[in-house]
Amino acid sequence: QQMSLDEQQKQVAIGLFNQGKQSDFDLDGVLHQFKQECRRHVTLVQMFIEVLLHAAYADGVMHPKEKELLKHVTLTLGFSSIKFQQLDDMVRAQRSFHQGYQQTPTRDMLKDAYGMLNMSESSTDAEIKKSYRRLMNQHHPDKLVAKGLPEEMTKLATEKTQEIKKAYDLVKKARG
């Protein structure tokens with residue numbers, strides 16, 4: 001639903017999902033092909049990993065087998081285990097921030113906003129602004145489409161940039 005797929009696209013996605021569940025599915029082969037298709041567009045690969053992380057947390061918790069598989073995917077796609085942990089921390093902060101944003105801002109929301117920006121309360125204003133700009137640049141829908149992001153994913157990219165802006169605005173407001 002988040003990707004606004006039409007009925008035919010949904011059926012294709014379900015078919016591909018079911019293929020991926022088969023015991024003889026060549027995960028590494030598909031990952032290597034994906035990596036080749038993305039070439040030097042690391043942002044697309046990162047966004048793919050973020051989507052996988054969000055899917056893993058769909059039930060509220062990432063199970064150890066899911067984490068093990070996602071670490072394998074991340075390493076196969078050329079990201080370090082440190083980068084995986086940063087992305088995992090950022091996605092957890094995003095999910096928490098998104099869930100609490102409709103309410104009155106709390107201390108936890110501010111912590112999540114910093115996490116979403118991949119920063120901490122001890123970061124300087126300049127560091128936070130730099131991280132905000134980098135994240136907005138990485139997730140901007142127009143830039144991602146130019147790099148090969150499927151049109152169906154622009155809605156996700158748009159939502160992501162809105163969340164990043166909300167987090168940045170909350171941090172700025174808290175800092176005065």
Q: A side-chain contact here means heavy atoms from C-beta on lying under 4.5 Å apart; do Gln94 and His54 qualify?
A: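 Sidechains of His54 and Gln94: in contact.
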Q: Residues two or more places apart in sequence or in another chain: which of them pass salt bridge (Lys or Arg N to Asp or Glu O under 4.0 Å) with Asp125?
A: Arg175
Q: Which atom pair, heavy atoms only, marks the closest approach of Ala58 to Arg95?
A: CA-NH2, 4.0 Å
Q: Measure the CG-NE2 distance between Leu69 and His63 for me, rounded to the nearest 0.5 Å.
A: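 It comes to 13.5 Å.
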Q: Looking only at non-hydrogen atoms, find the nearest pair between Ala113 and Ala167 and report the distance.
A: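 Answer, listing the atom of Ala113 first, then Ala167: CB-O, 3.7 Å.
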Q: Side-chain heavy atoms under 4.5 Å apart, restricted to Ile/Leu/Val/Met/Phe/Trp/Tyr: what other residues fall into the cluster of Val12, or is it alone?
A: Leu16
Q: Does the side-chain contact (heavy atoms from CB on, under 4.5 Å) test come out yes or no for Phe79 and Val73, once each step is laid out?
A: CA-CA 9 Å; Phe79 283 76; Val73 168; over 6 Å; no
Q: Step by step, work out the side-chain contact (heavy atoms from CB on, under 4.5 Å) result for Lys160 and His139.
A: CA-CA 7 Å; Lys160 176 86 173 210; His139 293 90; 3.4 Å; yes
Q: Could you give me the CA-CA distance, side-chain angles and deciding distance for Phe97 and Leu170, then say whether side-chain contact (heavy atoms from CB on, under 4.5 Å) is met?
A: CA-CA 10 Å; Phe97 181 79; Leu170 182 63; 3.5 Å; yes
Q: Can you name the nearest heavy-atom pair linking Glu66 to Ala56, along with the distance?
A: OE1-O, 3.5 Å
Q: Ser123 side chain to Ser120 main-chain N or O, any donor-acceptor pair under 3.5 Å?
A: yes
Q: Decide yes or no on side-chain contact (heavy atoms from CB on, under 4.5 Å) for Leu77 and Leu31, but give the supporting numbers first.
A: CA-CA 7 Å; Leu77 293 175; Leu31 290 173; 4.2 Å; yes
Q: What residues form a ring pair (Phe, Tyr, Trp, His ring centres under 6.0 Å) with Phe34, not counting sequence neighbours?
A: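 Per chain and number, Phe34 pairs via ring pair (Phe, Tyr, Trp, His ring centres under 6.0 Å) with Phe48.
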Q: Which one of His140, Arg134, Met136, Glu159 satisfies the side chain to side chain contact (heavy atoms under 4.5 Å, CB included) criterion with Ile164?
A: Met136
Q: Working to the nearest 0.5 angstrom, can you tell me the gap between Leu135 CG and Met116 CE?
A: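 Answer for the CG-CE pair, Leu135 versus Met116, is 8.5 Å.
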Q: For Ser80 versus Thr74, what's the shortest heavy-atom pair and its separation?
A: O-CG2, 4.2 Å
Q: Any non-hydrogen side-chain atom of Val30 less than 4.5 Å from a side-chain atom of Phe25?
A: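 Yes, their side chains come closer than 4.5 Å.
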Q: Quick one: OH on Tyr114 to OG on Ser122, what's the gap to the nearest 0.5 Å?
A: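 If I round to the nearest 0.5 Å, the distance is 9.0 Å.
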Q: Cluster question for you: counting only ILVMFWY and a side-chain heavy-atom cut-off of under 4.5 Å, with indirect links fine, are Met90 and Leu75 together?
A: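 No, it is not one cluster - the side chains of Met90 and Leu75 are not joined through contacts under 4.5 Å.
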Q: Checking Ser96 side chain against Ala93 main chain: does a donor-acceptor pair fall under 3.5 Å?
A: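 Answer holds: no.
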Q: With a 4.5 Å cut-off on side-chain heavy atoms, are Met62 and Leu53 touching?
A: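 Result yes, sub-4.5 Å side-chain heavy-atom pair found.
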Q: Are any of the side-chain heavy atoms of Lys143 and Thr43 separated by less than 4.5 Å?
A: no
Q: Give me each pair satisfying salt bridge (Lys or Arg N to Asp or Glu O under 4.0 Å) with a member in residues 20-35, each pair once, sequence neighbours excluded.
A: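 Residue pairs passing salt bridge (Lys or Arg N to Asp or Glu O under 4.0 Å), neighbours aside: none found.
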Q: At what distance, to the nearest 0.5 angstrom, does NE2 of His72 lie from OG of Ser81?
A: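 Going from the NE2 atom of His72 to the OG atom of Ser81 covers 14.0 Å.
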Q: Could you list the residues that satisfy salt bridge (Lys or Arg N to Asp or Glu O under 4.0 Å) with Lys165, not counting sequence neighbours?
A: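 Partners of Lys165 by the salt bridge (Lys or Arg N to Asp or Glu O under 4.0 Å) criterion, ordered by chain and then number, come out as Asp169.
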Q: So, Gln11 versus Glu7: side-chain donor-acceptor pair below 3.5 Å or not?
A: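 A pair is found: one side chain offers a donor N or O, the other an acceptor, under 3.5 Å apart.
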Q: For the NZ atom of Lys129 and the OH atom of Tyr132, what is their distance to the nearest 0.5 Å?
A: 9.5 Å
Q: To the nearest 0.5 Å, what is the distance between CD (Glu127) and CG (Leu117)?
A: 12.5 Å
Q: Give a yes or no on this: more than 12 heavy atoms of other residues, nucleotides or ligands lie within 6.0 Å of atom CZ of Arg133.
A: no
Q: Scan for salt bridge (Lys or Arg N to Asp or Glu O under 4.0 Å) pairs involving residues 79-89, sequence neighbours excluded, and state none if there are none.
A: Lys67-Asp88, Asp88-Arg92, Asp89-Arg92
